S.K.: 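Take this structure, written in structure tokens, and hold onto it; I'll ask about it next.
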Amino acid sequence: MRVVLFGATGMVGQGVLRECLLDPEIESVLAVGRSPTGQRHAKLHEIVHNDFLDFSRIESQLAGYDACFFCMSEEQYRRLTYDITLAAARTLAKLNPQMVFIYVTGRGTDSSERGKLMWARVKGKTENDLLKLPFKAAYMFRPAGIQPLHGIRSKTGWVQAIYVGTAPLLSLLNRLTPTYMTTTEQVGRAMIKVARDGYPKPVLESDDINRM
């Protein structure tokens, strides 16, 4: 498989990139982001791109891929969660109709788009509109807690401090409560397997991710 990866410098994206580079069935990875990953690997190619609402400048470089793993996470919800995701997805759907698109969202996403929580409604609309695009298939990953492994770090200092301080507890919770916990490694491996083999339903919660 040839993979496009958005958000490779974030915590989840770092984990997904690691698993892609390790997997012998992944031929190449194109990381698209606002900053370079800082990694060097024969399979890894990078595009630093700042305008995530307009991909026309790099459009020719986005064709010919089998899967997209979209792992960006932003806080300005409507513009950066919905608008950027759909701008990238629409471009890729036009260029790669046989692509499998996988979007990392989160537990509690509101598919009805009518709930009280704004972030959950926006994520729900994002999921719903992604599922309408003419991809070969699209899957929504909704992990709850995620434990970073293999030296992967959060870019947010206080969040990273919490991960370090609670690492033994997170390892225990991951074993005892797979419905609520997963790891960066499990998310990455599940993305690759779902892109390759499919899954019976379009929305995967933490236990689905761990099962894959």
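These numbers come from a predicted model, not from an experiment.
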S.K.: Using 0.5 Å steps for rounding, measure from the CZ atom of Arg107 to the NZ atom of Lys123.
M.R.: 14.5 Å

S.K.: Same hydrophobic cluster for Val48 and Leu62, using side-chain heavy-atom links shorter than 4.5 Å among ILVMFWY?
M.R.: no

S.K.: Between Leu204 and Met140, does a side chain to side chain contact (heavy atoms under 4.5 Å, CB included) hold up when you go through it step by step?
M.R.: CA-CA 6 Å; Leu204 290 81; Met140 310 297 117; over 6 Å; no

S.K.: Does some side-chain heavy atom of Leu5 sit less than 4.5 Å from a side-chain heavy atom of Leu30?
M.R.: no

S.K.: Are Met11 and Leu22 linked, directly or through intermediate hydrophobic residues, by side-chain heavy-atom contacts shorter than 4.5 Å (ILVMFWY only)?
M.R.: no

S.K.: Can Glu25 and Arg196 be counted as an ion pair, charged N to O under 4.0 angstrom?
M.R.: yes

S.K.: Just so I know, are the side chains of Lys94 and Glu59 near enough to count as touching, which here means a heavy-atom distance under 4.5 Å?
M.R.: yes

S.K.: Is Lys136 atom NZ crowded by more than 12 heavy atoms from other residues, nucleotides or ligands, each under 6.0 Å away?
M.R.: no

S.K.: So which heavy atom on Ala195 is nearest to which on Phe69, and how close?
M.R.: CB-CE2, 3.8 Å

S.K.: Below 4.5 Å, heavy atoms only, C-beta onward: do Phe101 and Phe70 meet side chain to side chain?
M.R.: yes

S.K.: Could you grab the distance from atom CG of Asp208 to atom CZ of Arg211, nearest 0.5 Å is fine?
M.R.: 5.0 Å

S.K.: Nearest heavy-atom pair of Cys20 and Ile26: which atoms, and what distance?
M.R.: O-CB, 3.4 Å

S.K.: How close do Asn50 and Arg34 get, heavy atom to heavy atom, and via which atoms?
M.R.: OD1-O, 3.8 Å

S.K.: Which one of Thr9, Val12, Ile102, Leu17 satisfies the side chain to side chain contact (heavy atoms under 4.5 Å, CB included) criterion with Cys71?
M.R.: Val12

S.K.: Between Lys43 and Val29 (side chain of the first, backbone of the second, donor and acceptor by atom type, cut-off under 3.5 Å), is there such a pair?
M.R.: no

S.K.: Within the side chain of Gln186, is there an N or O that forms a donor-acceptor pair under 3.5 Å with the backbone of Thr183?
M.R.: yes

S.K.: Has the side chain of His49 got a donor or acceptor atom that lies under 3.5 Å from a matching backbone atom of Asp51?
M.R.: yes

S.K.: Search all heavy atoms of Leu92 against all heavy atoms of Cys68 and return the closest pair with its distance.
M.R.: CD1-SG, 3.6 Å

S.K.: Quick one, Tyr103 and Tyr139 - any side-chain contact, counting heavy atoms below 4.5 Å?
M.R.: no

S.K.: Are Met212 and Arg189 close enough that some pair of their side-chain heavy atoms sits under 4.5 Å apart?
M.R.: no

S.K.: If we ignore angles and hydrogens, is there a donor and acceptor under 3.5 Å between the side chains of Thr37 and Glu46?
M.R.: yes

S.K.: Ring-plane angle category for Phe6 and Phe52, please: parallel below 30°, perpendicular beyond 60°, tilted otherwise.
M.R.: perpendicular

S.K.: Are Val3 and Tyr65 side-chain neighbours, meaning at least one heavy-atom pair lies under 4.5 Å?
M.R.: no

S.K.: Do the side chains of Met1 and Ile192 get nearer than 4.5 Å, heavy atoms only?
M.R.: yes

S.K.: Got a second to check how far Leu86's CG is from Lys132's NZ, nearest 0.5 Å?
M.R.: 9.5 Å

S.K.: Determine, step by step, whether Leu21 and Gln39 satisfy the side chain to side chain contact (heavy atoms under 4.5 Å, CB included) criterion, reporting the C-alpha distance in whole Å, the side-chain angles of both residues, the deciding distance to 0.1 Å, and the verdict.
M.R.: CA-CA 11 Å; Leu21 297 179; Gln39 298 196 42; 3.9 Å; yes

S.K.: Could you tell me whether the side chains of Asp66 and Gln98 share a donor-acceptor contact shorter than 3.5 Å?
M.R.: no

S.K.: So do the side chains of Pro97 and Pro134 get within less than 4.5 Å of each other, counting heavy atoms only?
M.R.: no

S.K.: Got a second to check how far Asn210's CG is from Thr182's OG1, nearest 0.5 Å?
M.R.: 3.5 Å

S.K.: If you compare all heavy atoms of Ala138 against all heavy atoms of Leu130, which two are closest, and at what distance to 0.1 Å?
M.R.: CB-O, 4.2 Å

S.K.: Which atom names give the shortest non-hydrogen contact between Leu44 and Ala31, and what distance separates them?
M.R.: CD1-CB, 4.0 Å

S.K.: Could you give the distance from CD1 (Ile47) to CD1 (Ile58), rounded to the nearest 0.5 Å?
M.R.: 4.5 Å

S.K.: If only atom types and distance count, is the side chain of Asn128 paired as donor or acceptor with the main-chain N or O of Ser112 below 3.5 Å?
M.R.: no

S.K.: Distance from Phe141 atom CZ to Ser206 atom OG, nearest 0.5 Å?
M.R.: 10.5 Å

S.K.: Do you see a donor-acceptor pair shorter than 3.5 Å between the side chains of Thr105 and Arg142?
M.R.: no

S.K.: Salt bridge or not for Asp110 and Arg114, using N-O below 4.0 Å?
M.R.: no

S.K.: Which is it for Tyr82 and Arg121 under the side-chain hydrogen bond (donor to acceptor under 3.5 Å, both in side chains) test, yes or no, and what are the steps along the way?
M.R.: CA-CA 10 Å; Tyr82 179 84; Arg121 293 196 308 272; over 6 Å; no

